[in-house]
Amino acid sequence: NAGVTQTPKFQVLKTGQSMTLQCAQDMNHEYMSWYRQDPGMGLRLIHYSVGAGITDQGEVPNGYNVSRSTTEDFPLRLLSAAPSQTSVYFCASSYTGTQYFGPGTRLTVL
Amino acid sequence: KNEVEQSPQNLTAQEGEFITINCSYSVGISALHWLQQHPGGGIVSLFMLSSGKKKHGRLIATINIQEKHSSLHITASHPRDSAVYICAPRDDKIIFGKGTRLHILP
């Protein structure tokens with residue numbers, strides 16, 4: 001099993017550009033989530049999904065959209081990137097509470 | 001006030017020392033996670049516990065639900081244990097501490 005995969009690993013955007021961070025898992029986990037990690041702060045939940053077709057907002061959802069058309073995939077969309085979205089983004093999937101994290105995407109918005 | 005407090009924030013120790021990292025939280029929880037973030041950035045789940053104690057190799061995690069406190073212990077520490085350790089209590093949502101940066105010197 002590949003576990004949780006994320007692409008790209010690094011990305012630089014200009015303010016106002018849009019992009020999609022990809023996340024996929026092959027463990028058939030129902031629960032998936034997106035976090036951002038900023039210096040000096042703990043991981044913060046952006047959006048999460050408890051199964052295909054179901055998504056909900058986390059602590060810091062503004063500026064981000066998600067969808068969950070399949071169990072495997074949970075993409076995170078930035079509609080109009082802002083410098084405040086410069087961060088490291090982690091996707092995770094969960095089964096019976098244990099979280100499995102992807103390797104992260106380091107995003108810089110200029 | 002932060003809902004999750006970890007101490008110490010930074011810890012440097014010699015190889016072989018016994019390490020303790022503490023986590024206090026102010027919310028009611030159903031479980032608590034301990035995570036390890038490697039210097040390269042990857043995050044690994046170490047433990048999920050809701051009571052008592054769990055042990056995996058040289059790592060031991062304890063929790064006292066009444067006192068809202070958990071500890072992570074590392075016995076016979078090794079330089080490869082150098083990482084950031086994150087406490088994350090969970091009820092209907094999961095809240096992450098800011099982490100404890102551990103550096104083990106050879």
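Since this is a predicted model, take the numbers as computed values, not measurements. Note on naming: letters A, B, ... go to the chains in the order of the sequence lines (proteins, then strands), and numbering restarts at 1 for each one.
Atom CZ of B:Phe96 and atom CD of A:Glu59 lie 10.0 Å apart (nearest 0.5 Å). Distance check, rounded to the nearest 0.5 Å: OH of A:Tyr35 to CD1 of B:Ile43 gives 9.5 Å. Atoms OG and NZ, on A:Ser33 and B:Lys93 in that order, are 14.0 Å from each other to the nearest 0.5 Å. With values rounded to the nearest 0.5 angstrom, A:Gln37 atom CD is found 5.5 Å from B:Ile86 atom CD1. For the atom pair CD of B:Gln37 and CG of A:Leu43, the computed distance is 6.5 Å after rounding to the nearest 0.5 Å.
Residues B:Ile94 and A:Gln99 approach most closely at CD1-NE2, 3.6 Å, considering heavy atoms.
With a 6.0 Å radius and a threshold of 12 heavy atoms from other residues, nucleotides or ligands, B:Gln9 has its CD atom at or below the threshold. Crowding of A:Arg44 atom CZ: a count of heavy atoms from other residues, nucleotides or ligands under 6.0 Å exceeding 12. Residue-environment remark: CZ (B:Phe18) exceeds the threshold of 12 foreign heavy atoms within 6.0 Å.
By the criterion of side-chain heavy atoms lying less than 4.5 angstrom apart, applied directly or through intervening Ile, Leu, Val, Met, Phe, Trp or Tyr residues, A:Met19 is not grouped with A:Val12; the two fall into different hydrophobic clusters. Criterion: ILVMFWY side-chain heavy atoms under 4.5 Å apart, direct or through other members. Under it, B:Leu49 and B:Leu72 are part of a common hydrophobic cluster. B:Leu35 and B:Ile29 are members of different hydrophobic clusters when ILVMFWY side chains are connected at heavy-atom separations under 4.5 Å. In this structure, B:Met48 is not a member of the same hydrophobic cluster as B:Leu59, with clusters built from ILVMFWY side-chain heavy atoms closer than 4.5 Å.
For a residue to count as touching a neighbouring chain, one of its non-hydrogen atoms must lie under 4.5 Å from one of that chain's; by this rule A:Tyr48 does not touch chain B. With a 4.5 angstrom heavy-atom cutoff, B:Ile95 does not touch chain A via any of its atoms.
The closest side-chain heavy-atom distance from A:Tyr100 to B:Val44 is not below 4.5 Å.
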